[in-house]
Amino acid sequence: MKNSINIFSEKKSKEKISMVTCYDYSTAVLLNDTDIDSILVGDSLGMAFQGNDDTLSVTIDDIIYHTKAVKKGAKDKFIVSDMPFLSFQISPEETVKNAGRLIKESGAEAVKVEGGVEIIDEIKALVRAKIPVMGHLGLTPQSVNVFGGFKVQGRSLDNARKIIKDALLLQEAGAFAITLECIPEKLAKLITEKLEIPTIGIGSGKHTDGQVLVITDLIGVCQNFKPKFVKQFVNVGESIKIGVSSYIEEINNLKFPGESNVFSISDDTIEILKGEF
Ligand code: KIV
């Protein structure tokens, strides 16, 4: 059965909500066969897929391109796509235009935006345009240059207060859920208890209403980057290396391609060709 946005409100405080990022068709087909509640086409693709040091260079066209691929593979999942850096900070009009393209051209069903009070007019404009909005607070990676690195947020009283106020504002503006990234577990718990909409945590402990992870971290294909909050659940990276080594060995031993991998032609035809050339 196709998941909808309702899964978020239905599960709040009852069951945990599971989310994972995805950037390509083949992985989306696999995810569609799992019980995952929702898929995020995150701008983390700038790091996990494009190999950049941060997410800042990702464009709305990049997100549309990847969402189209994911949408074709994960037909039953509710797909949220990230609004990349500077696609939603300039004006409410520009924000609705960019989000509208994302929804119309890629099939995303909701958008995610990073920030609080400073983008509240943009969020209200999206909600007015009937575009479901997921908020994102805490360590918002698009603010990496303001934070001076990928640093845990919300440890000081002032900063924690700002995150709580922003969360309440996002809820009031009409966001259907909020991602809380890399904030202390007790702060995430407090926010989760204060809100009627669900919180989806990453690096924010177990008390949020759901969890989201970057797929390449979860399956172990991004071996050179492992933040403290990531758990690698399976080592696909190791399997890829083992598979490619076996492939090379079998090419060299003439074991691959084998009988079952080749196409036949009659000996008579070959004899005729030999005579001709
Ligand atoms: O871009 C992304 O993948 C994200 C998640 C890490 C929450 O924003």
Side-chain angles (χ1 to χ4, degrees), residues 8 16-24 27-28 31 36-60 62-67 69-70 74 77-89 99 102 106 108 110-116 119 123 132-144 147 150-154 163 166-167 170 175-183 188 191-192 197-205 208-219 221-222 225-233:
F8 286 86
K16 292 287 184 185
I17 301 160
S18 56
M19 263 188 116
V20 68
T21 69
C22 183
Y23 319 113
D24 67 285
T27 311
L31 290 177
I36 202 87
D37 289 317
S38 178
I39 291 178
L40 172 68
V41 183
D43 63 354
S44 52
L45 68 85
M47 299 169 82
F49 188 88
Q50 297 173 337
N52 300 318
D53 291 336
D54 55 47
T55 61
L56 301 180
S57 59
V58 175
T59 65
I60 194 82
D62 289 336
I63 299 282
I64 290 172
Y65 174 90
H66 286 274
T67 305
V70 170
K77 302 300 178 186
F78 184 73
I79 296 177
V80 182
S81 289
D82 250 335
M83 296 284 288
F85 183 53
L86 293 191
S87 70
F88 64 94
Q89 292 94 338
L102 191 43
S106 73
V111 299
K112 179 166 77 56
V113 289
E114 297 183 7
I119 55 155
I123 293 177
V133 181
M134 175 179 268
H136 186 159
L137 298 171
L139 169 48
T140 43
Q142 292 172 18
S143 306
V144 61
F147 296 151
F150 295 103
K151 296 197 166 105
V152 176
Q153 299 295 307
I163 296 172
D166 279 344
L170 291 183
F176 72 90
I178 301 177
T179 299
L180 296 175
E181 179 161 353
C182 282
I183 63 170
I191 295 171
T192 300
I197 57 172
T199 57
I200 309 296
I202 174 164
S204 299
T208 48
D209 295 301
Q211 297 289 331
V212 58
L213 270 185
V214 169
I215 185 77
T216 46
D217 294 337
L218 186 159
I219 65 173
V221 291
C222 207
F225 178 70
K226 193 166 183 302
K228 173 182 158 90
F229 61 82
V230 161
K231 180 166 174 185
Q232 185 186 299
F233 288 84

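The structure presented is a predicted model; accordingly, all values stated were derived computationally and were not measured. Positions are given from 1 along the sequence. Whatever order the structure lists ligands and atoms in, that order sets their numbers, starting from 1.
- His66 pairs by the ring pair (Phe, Tyr, Trp, His ring centres under 6.0 Å) definition with Phe49, not counting sequence neighbours.
- For Ser81 and Thr67, the side-chain atoms include at least one donor-acceptor pair closer than 3.5 Å.
- The only member of Val133, Asp166, Val113 that meets side chain to side chain contact (heavy atoms under 4.5 Å, CB included) when paired with Ile119 is Val113.
- The local environment of OH in Tyr65 is sparse, with at most 12 non-hydrogen atoms from other residues, nucleotides or ligands closer than 6.0 Å.
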Put together the list of close N/O pairs, under 3.5 Å, between ligand 1 and the protein, could you?
from	atom 1	to	atom 2	distance (Å)
ligand 1	1 (O)	Asp43	N	3.1
ligand 1	1 (O)	Asp43	OD1	3.0
ligand 1	1 (O)	Ser44	N	3.0
ligand 1	1 (O)	Ser44	OG	3.3
ligand 1	1 (O)	Asp82	OD2	3.0
ligand 1	3 (O)	Ser44	OG	2.5
ligand 1	8 (O)	Lys112	NZ	2.8

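- For Phe147, the side chain to side chain contact (heavy atoms under 4.5 Å, CB included) partners two or more places apart in sequence, or in a different chain, are Leu139, Thr140, Ser143, Gln153.
- For Leu56, the side chain to side chain contact (heavy atoms under 4.5 Å, CB included) partners are Asp54, Phe85, Gln142, Val144, Asn145, not counting sequence neighbours.
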